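First the structure, in the form of structure tokens, and then the observations on it.
Since the model is a prediction, treat every value here as computed from it, not as a measurement. The residues of the chain are indexed from 1 along the displayed sequence.
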Amino acid sequence: MSDEQPVGIDELLERVRAGYARVEPRQAYEAARAGEALLVDIRYAALRERDGLIPGAVVVERNELEWRLDPQGSHRLPEATGHDLRIIVICNEGYASTLAAASLHQLGLHRATDLTGGFQAWRAAGLPVTDAPVTR
């Protein structure tokens, strides 16, 4: 048994965020345009359909993230080329992406980070968004 006291989600987010530098929407946009980062959208389908997509972002459902981005995994995406890959995880408002980035760090993806404010901050910054394809 552990002697550590349980922490609430707010404290957990603070601890995790202290371990890496988060990026602002404009920084993420520039890094992706320059080919220096892979944008990974982990929002669920209903949010993508409602709000649209970030052009060039790879969509990976949150429950598949580690399997798709582990460079050693048998189910990895072609983009998951190595542990030095700079990954910027994007959720809706920048909370779930923090925990997702922490999980990627545990896999050795030491340059993984997340987007401050998530997709909503990206859109509010006036950065490109496309309509999501209608699925039936």
Side-chain angles (χ1 to χ4, degrees):
M1 297 195 77
S2 174
D3 290 335
E4 288 186 38
Q5 293 296 314
V7 299
I9 188 62
D10 293 330
E11 184 176 339
L12 178 61
L13 288 172
E14 283 182 37
R15 288 181 185 184
V16 169
R17 289 173 177 167
Y20 63 87
R22 302 177 80 206
V23 296
E24 297 295 325
R26 179 66 57 187
Q27 293 172 302
Y29 174 73
E30 295 298 334
R33 277 190 48 193
E36 298 170 354
L38 177 66
L39 302 181
V40 178
D41 186 344
I42 64 168
R43 294 176 300 141
Y44 54 90
L47 289 176
R48 295 191 310 268
E49 289 172 10
R50 182 189 76 190
D51 295 336
L53 301 168
I54 295 173
V58 175
V59 174
V60 179
E61 295 283 339
R62 174 62 190 97
N63 64 326
E64 297 180 358
L65 185 70
E66 292 81 1
W67 285 268
R68 298 292 186 211
L69 294 179
D70 178 2
Q72 299 175 352
S74 60
H75 298 291
R76 71 181 175 277
L77 294 172
E79 295 88 349
T81 56
H83 289 94
D84 286 336
L85 180 63
R86 183 175 183 206
I87 298 167
I88 301 172
V89 183
I90 303 165
C91 68
N92 194 50
E93 294 181 344
Y95 297 101
S97 57
T98 294
L99 300 177
S103 182
L104 294 177
H105 276 250
Q106 291 180 328
L107 289 176
L109 293 157
H110 61 95
R111 297 182 67 207
T113 186
D114 74 313
L115 182 67
T116 303
F119 178 86
Q120 297 305 323
W122 176 281
R123 186 169 61 184
L127 296 170
V129 174
T130 61
D131 289 335
V134 176
T135 57
R136 297 180 198 262

Taking only residues two or more places apart in sequence or in another chain, which ones pass side-chain hydrogen bond (donor to acceptor under 3.5 Å, both in side chains) with Glu61? Arg48
Find out whether His110 and Asp84 are in side-chain contact, i.e. whether some heavy atom of one side chain is under 4.5 Å from a heavy atom of the other. yes
Does the side chain of Leu38 reach to within under 4.5 Å of the side chain of Leu77, using non-hydrogen atoms? no
Using side-chain heavy atoms (C-beta onward) and a distance below 4.5 Å, is His83 in contact with Gln72? yes
Restricting to non-hydrogen atoms, name the atom on Leu53 and the atom on Phe119 that form the minimum distance, rounded to 0.1 Å. C-CE1, 4.4 Å
So do the side chains of Gln27 and Thr113 get within less than 4.5 Å of each other, counting heavy atoms only? no
Rounded to the nearest 0.5 Å, what separates atom CD1 in Ile90 from atom CZ in Arg43? 8.0 Å
Report yes if some heavy atom in the side chain of Leu104 is under 4.5 Å from a heavy atom in the side chain of Leu69; otherwise report no. yes
So do the side chains of Leu39 and Leu115 get within less than 4.5 Å of each other, counting heavy atoms only? no
Flag yes if more than 12 heavy atoms outside His75 fall under 6.0 Å of its NE2 atom; otherwise flag no. no
Sequence neighbours excluded - side-chain hydrogen bond (donor to acceptor under 3.5 Å, both in side chains) pairs with any residue from residues 6-22: Glu11-Arg15, Arg17-Thr98, Tyr20-Asp114, Arg22-Asp114
Heavy atoms, side chains only, cut-off 4.5 Å: are Gln120 and Asp51 in contact? yes
Walk me through whether Arg86 and Val23 qualify under side-chain contact (heavy atoms from CB on, under 4.5 Å). CA-CA 12 Å; Arg86 183 175 183 206; Val23 296; 3.3 Å; yes
Heavy-atom side-chain contact between Asp41 and Trp122 under 4.5 Å: no
